[in-house]
Amino acid sequence: MPTSLTPIAAQGPKVSRFIAGYWRVNQWNKTPQELLRFASECLELGISTVDHAMVYRSEATFGKALALDPGLRSQLQIVTKFGIKPMGFGELGAQAVNHYDSSGAALIQSLDASLQGLGTDYIDILLVHRPDYLMDVRELAATMATLRAEGKVRYFGVSNFNTHQFEVLQRELRQNVPAGLVTNQIEFSPLHLTPLEDGTLEQCQLNDCRPMLWSCLGGGNLLAPASERHQRIHNALRVVADEHAVAALETIVYAWVRALPCAPLPLLGTSNIERVKTALAAEKIQLTREQWYRIWEASTGHPVP
Ligand SMILES: NC(=O)c1ccc[n+]([C@@H]2O[C@H](COP(=O)([O-])OP(=O)(O)OC[C@H]3O[C@@H](n4cnc5c(N)ncnc54)[C@H](OP(=O)(O)O)[C@@H]3O)[C@@H](O)[C@H]2O)c1
């Protein structure tokens, strides 16, 4: 049964409560038909928002699936990102290093390639993938405003930005695009607690927007513990899962990340539709504060002060 869409920001678009991430799509070994089936099954489950990035090289792969069902595009909200230029990308020579480029020209070039790969003429939400230390916010915000006026991008956001980087771009963008930045896509999981302390979550609340959370399962590592810390978290999740009569630990992980007051939107990374259903089961789980802090304590290795 599809879940209803939810606003990502006060003046932002509606998105699904969970977002399907396609970073790893080229490792999934799915044919375009199989990928179309996966995306359609996600949609039936209410997951209409999909996450891509130029650097994932996922767009052309997904675009081949979309081309098989032209009616599907209008039912999706496509998020993609620009700004990372890895070695060997495009015209760069042998001396090139991985770098960031958030210039207006890089944005336009990357966006055009994204649109072409996906076979669409607009992106719902375009994110700056990582903060570029050489970011010229005035130029970037002006280019964003132009692309919005042209209808190529509906909304903008950022990813992996600290609070100051977010504020600097937000202030500039809001002068021409009142909706401003509609999200900060950041890493958060029981393995990665930094956002609890660095202000990024509260900043989203102050800006009336919701973060998207990546690698909530630590890229799968949380479920295959390889260290004492991983094992501690794993054990705590197991106990809480048993208390809720839930079989899958990832259901508890998603309930744990969704408990944050900023109402975050978790990204899923799985290629497996049964695992998608297991994640969605988190919508029905409400952890007690004591359970939430038990998982926090297992992660930090110490009780709250
Ligand atoms: N903005 C950024 O900088 C950034 C960085 C990283 C990721 N992202 C986005 O976030 C999305 C999710 O990241 P992620 O792939 O690292 O997420 P994740 O959910 O932490 O990890 C997914 C991986 O875990 C595996 N896995 C193993 N056991 C699983 C289980 N029981 N349930 C579910 N998955 C299990 C999956 O394999 P199976 O396919 O076999 O289930 C998949 O390879 C990405 O696709 C991308 O869109 C953004």
Side-chain angles (χ1 to χ4, degrees), residues 15-16 18-30 34-35 38-39 41-42 45 47 49-59 61-62 76-86 98 100 102 114 118 123-132 156-162 165-166 181-192 194-195 200 211-226 230 233-234 237-238 241 246-258 264-282:
V15 295
S16 53
F18 289 79
I19 297 171
Y22 283 88
W23 170 28
R24 303 170 193 271
V25 67
N26 290 319
Q27 298 161 27
W28 292 355
N29 290 324
K30 288 190 195 289
E34 288 167 340
L35 199 51
F38 178 75
E41 286 174 342
C42 284
L45 293 169
I47 303 180
T49 308
V50 297
D51 184 68
H52 290 271
M54 183 47 162
V55 74
Y56 301 164
R57 300 174 194 239
S58 58
E59 294 158 325
T61 307
F62 194 73
L76 300 179
Q77 301 84 42
I78 298 182
V79 179
T80 194
K81 319 183 194 77
F82 85 100
I84 300 183
K85 288 211 171 175
N98 295 347
Y100 303 140
S102 62
S114 295
L118 289 159
I123 298 298
D124 293 272
I125 309 178
L126 182 71
L127 310 183
V128 187
H129 202 150
R130 290 212 171 245
D132 170 12
F156 294 93
V158 293
S159 181
N160 306 304
F161 271 42
N162 71 29
Q165 292 157 342
F166 185 102
L181 298 169
V182 300
T183 192
N184 190 1
Q185 185 180 115
I186 55 172
E187 181 178 11
F188 183 65
S189 75
L191 282 172
H192 187 84
T194 312
T200 47
M212 297 181 191
L213 306 179
W214 58 264
S215 290
C216 298
L217 304 178
N221 292 332
L222 205 48
L223 304 166
H230 283 61
I233 301 170
H234 201 266
L237 290 168
R238 181 73 272 151
V246 160
L249 300 192
E250 59 268 29
T251 304
I252 300 301
V253 175
Y254 288 113
W256 190 82
V257 300
R258 291 180 86 249
L265 303 156
L267 290 142
L268 308 181
T270 185
S271 56
N272 178 324
I273 200 69
E274 293 309 315
R275 287 175 167 175
V276 171
K277 291 177 190 167
T278 308
L280 293 184

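Both ligands and their constituent atoms are indexed starting at 1 by order of listing.
- Short contacts between ligand 1 and Leu223, defined as distances under 4.0 Å to a heavy atom of the residue, involve ligand atoms 28 (N), 29 (C), 30 (C), 31 (N), 32 (N).
- Nearest non-hydrogen protein atom to atom 43 (O) of ligand 1 is Arg24 CD, 3.4 Å.
- Looking only at protein heavy atoms, the nearest one to atom 2 (C) of ligand 1 is Trp214 NE1, 3.3 Å.
- Only side-chain heavy atoms of Ser159 come within less than 4.0 Å of ligand 1; its backbone N, CA, C and O stay farther off.
- Closest heavy-atom approach to atom 23 (C) of ligand 1 among the candidates Gly21, Ser58, Gly219, Ala20: Gly219.
- Side-chain atoms of Thr251 come within 3.5 Å of backbone atoms of Thr278 as a donor-acceptor pair (strictly under, hydrogens ignored).
- What sits closest to atom 44 (C) of ligand 1 on the protein, heavy atoms only, is Trp23 CB, 3.5 Å.
- Near Tyr22, meaning under 4.0 Å from one of its heavy atoms, ligand 1 places the atoms 45 (O), 47 (O).
- When only non-hydrogen protein atoms are considered, atom 12 (C) of ligand 1 lies nearest to Gly269 CA, 3.7 Å.
- When non-hydrogen atoms are compared, ligand 1 lies under 4.0 Å from neither the backbone nor the side chain of Glu187.
- Side-chain contact between Tyr22 and Leu35: present, with at least one pair of heavy atoms (C-beta onward) separated by less than 4.5 Å.
- Under the 3.5 Å distance criterion, the side-chain polar atoms of Thr270 are left unmatched by any main-chain donor or acceptor of Val276.
- No donor-acceptor pair under 3.5 Å is formed between the side chain of Lys30 and the backbone N or O of Phe38.
- Taking only non-hydrogen atoms, the option from His129, Arg130, Arg275 nearest to atom 37 (O) of ligand 1 is Arg275.
- For atom 41 (O) of ligand 1, the closest non-hydrogen atom on the protein side is Thr270 OG1, 2.5 Å.
- No side-chain heavy atom of Phe166 sits under 4.5 Å from any side-chain heavy atom of Thr200.
- Nearest to atom 25 (C) of ligand 1 among the protein's heavy atoms is Gly220 CA, 4.0 Å.
- The contact set between ligand 1 and Cys216, taken as ligand atoms under 4.0 Å from a residue heavy atom, comprises 20 (O).
- Using a 4.5 Å heavy-atom cutoff, the side chains of Val253 and Pro190 are in contact.
- In this structure, His52 falls outside the shell of residues with a heavy atom less than 4.0 angstrom from ligand 1.
- Using a 4.0 Å cutoff on heavy atoms, Met212 does not count as a contact of ligand 1.
- Atom 33 (C) of ligand 1 has as its closest protein heavy atom Leu217 CD1, 3.3 Å.
- Contact check for His234 versus Leu222: no side-chain heavy atoms found under the 4.5 Å cut-off.
- Remark: minimum distance from atom 3 (O) of ligand 1 to any protein heavy atom is reached at Asn160 ND2, 2.9 Å.
- Proximity of a side-chain donor or acceptor of Asn160 to a complementary backbone N or O of His129 within less than 3.5 Å is detected.
- The main-chain N or O of Ile47 is never found under 3.5 Å from a side-chain atom of Ser16 such that the two would form a donor-acceptor pair.
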Kindly indicate, with the supporting measurements, whether the criterion side chain to side chain donor-acceptor pair (under 3.5 Å) is fulfilled by Ser114 and Glu59.
CA-CA 6 Å; Ser114 295; Glu59 294 158 325; 2.8 Å; yes

